[in-house]
Amino acid sequence: METTLSSLLCISLNILLSSLVISASQSQTQKCGSQTLTNLYTNCNDLPFLNAYLHYTYDPIKSSLSLAFTAPPSTPNGWVAWAINPTGRGMIGSQSLVAFKDSRGMFTVKTYNITSYVLKESNVWFDVKNATAEESNGVTRLFATIVLPEKGKTDLNLVWQVGASVTNGVPDQHAFLPSNLASKIAINLLQGSATVDSTTTNKNIHGILNAVSWGMLFPVGIIVARYLRTFPSADPAWFYLHVACQVSAYIIGVAGWGTGLKLGSESKGVTHTYHRNIGIALFCLATVQICALFLRPKKDHHYRLYWNIYHHVMGYLILILSIINVFKGLHILSPEKKWKSTYIGILGTLGSIAVLLELITRVVVHRRKSSKSSTPNAFDGYVNS
Ligand SMILES: *[C@@H]1O[C@H](CO)[C@@H](O)[C@H](O)[C@H]1NC(C)=O
Ligand SMILES: *[C@@H]1O[C@H](CO)[C@@H](O)[C@H](O)[C@H]1NC(C)=O
């Protein structure tokens with residue numbers, strides 16, 4: 001029975017891990033917002049921030065661009081903006097179309113040549129043939145047909161934004177969350193594909209590496225060690241499985257940590273102090289933990305008890321800090337909501353598995369004790385492991 005149980009555990013852990021990898025790779029594939037709009041335009045881009053989409057049809061002969069930009073404004077009375085920046089990559093210099101409701105509650109689209117945070121309606125770099133906006137389920141849809149002044153200029157820098165309020169017909173400043181600051185891409189109108197800013201890609205890689213290593217593999221390794229070793233038949237398999245989990249978590253984690261340091265050195269002016277300090281602390285603690293493995297006293301050695309206490313305390317400390325830092329990272333990166341929900345779901349699943357195993361092992365240990373009271377208690381981790 002114990003062999004079956006422990007192999008079932010290994011199998012379910014494997015299934016869990018592979019489904020994680022599969023779902024992570026699937027969610028990389030882009031899917032576009034509204035099917036109706038997708039049918040009306042030849043291209044659709046799932047913009048990487050602020051839940052925005054861009055549908056468009058480009059006519060290279062007339063150099064005209066018909067587009068539908070959709071995004072949920074920060075509040076129902078807020079605004080959404082879509083812009084081309086012909087001179088740079090950020091907000092300053094953006095030639096913008098901004099949609100919001102006027103004082104009568106009717107949608108209006110205005111154009112702004114953005115030179116500072118103070119907006120003044122003006123002409124823009126491109127010619128606006130028509131521009132309208134509407135609302136659908138809390139999402140503002142901005143439709144426009146524009147003519148680009150330079151024929152053959154198909155590589156464009158796009159910027160988009162959402163805001164919470166409009167005062168006297170002028171959109172108020174947007175929030176300064178990381179997703180508000182990151183909402184820009186370079187696009188080739190003919191290819192239709194957006195090339196996300198390399199920093200954005202690096203941030204996503206950093207997020208995935210760290211969430212998988214510190215946030216998932218590491219807790220799985222702890223579950224393996226804590227529960228599998230109750231079963232004599234899983235000895236020494238649990239030990240190797242535990243070491244394999246934690247060493248691979250450490251290797252992936254160090255890679256993720258490295259990308260974090262690089263991102264930190266590249267982002268001038270923006271410092272995420274807590275996230276960085278917890279990250280550095282985690283790296284140090286985990287390194288010490290791995291090194292301590294080589295100093296592990298033999299099973300019957302007098303000091304083994306102390307080593308075990310130390311190892312467990314350190315392990316749980318790393319576990320708590322890892323989870324906190326994954327959430328801090330999710331807050332900083334502010335990706336689509338589904339990522340946070342996915343991670344909470346995974347933690348919930350791991351937590352439930354741990355509770356279930358805790359119950360099973362307690363029952364097993366209890367039975368073992370009552371059937372043969374002289375048998376040493378294999379679950380008493382501080383003494384036997
Ligand atoms: C936008 O404003 C800047 C600064 O005032 C000016 O140099 C530029 O020519 C303007 N662009 C357009 C298209 O009007
Ligand atoms: C916008 O203008 C273009 C060209 O003038 C026209 O074909 C199109 O139907 C117009 N779209 C809307 C929504 O009015």
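The figures here come from the full heavy-atom set of this structure, side chains too, leaving out hydrogens, waters and symmetry mates. In this chain, residues are counted from 1 in sequence order. Whatever order the structure lists them in is the order used to number ligands and atoms, beginning at 1.
Ring centroids of Phe176 and His174 are separated by less than 6.0 Å, placing the two rings close together.
Look at Arg104 and Asp102 and you find a salt bridge, because one of the NZ, NE, NH1 or NH2 atoms lies within 4.0 Å of a carboxylate O, short of that distance.
For ligand 1, the polar-atom distance check finds an N/O of Asn113 within less than 3.5 Å of one of the ligand's N/O atoms.
Protein heavy atoms are found less than 4.0 angstrom from atom 11 (N) of ligand 1. For atom 7 (O) of ligand 1, the protein comes within 4.0 Å by no heavy atom at all.
For the pair Thr111 and Ser122, the tightest heavy-atom approach, listed with the atom from each and the gap, is OG1-O, 2.7 Å.
Taking a cut-off of under 4.0 Å to the non-hydrogen atoms of Trp125, the atoms of ligand 1 that pass are 13 (C). Near Thr115, with a cut-off below 4.0 Å to any heavy atom, the atoms of ligand 1 are 2 (O), 3 (C), 4 (C), 5 (O). Set against the non-hydrogen atoms of Gln95, the atoms of ligand 1 under 4.0 Å away are 13 (C).
Atom OH of Tyr240 sits in a sparse spot, with 12 or fewer heavy atoms from other residues, nucleotides or ligands closer than 6.0 Å.
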Task: ring-ring contact (aromatic ring centres under 6.0 Å, His included) between Tyr274 and His272, intermediate numbers included - done: CA-CA 6 Å; Tyr274 286 117; His272 303 292; over 10 Å; no

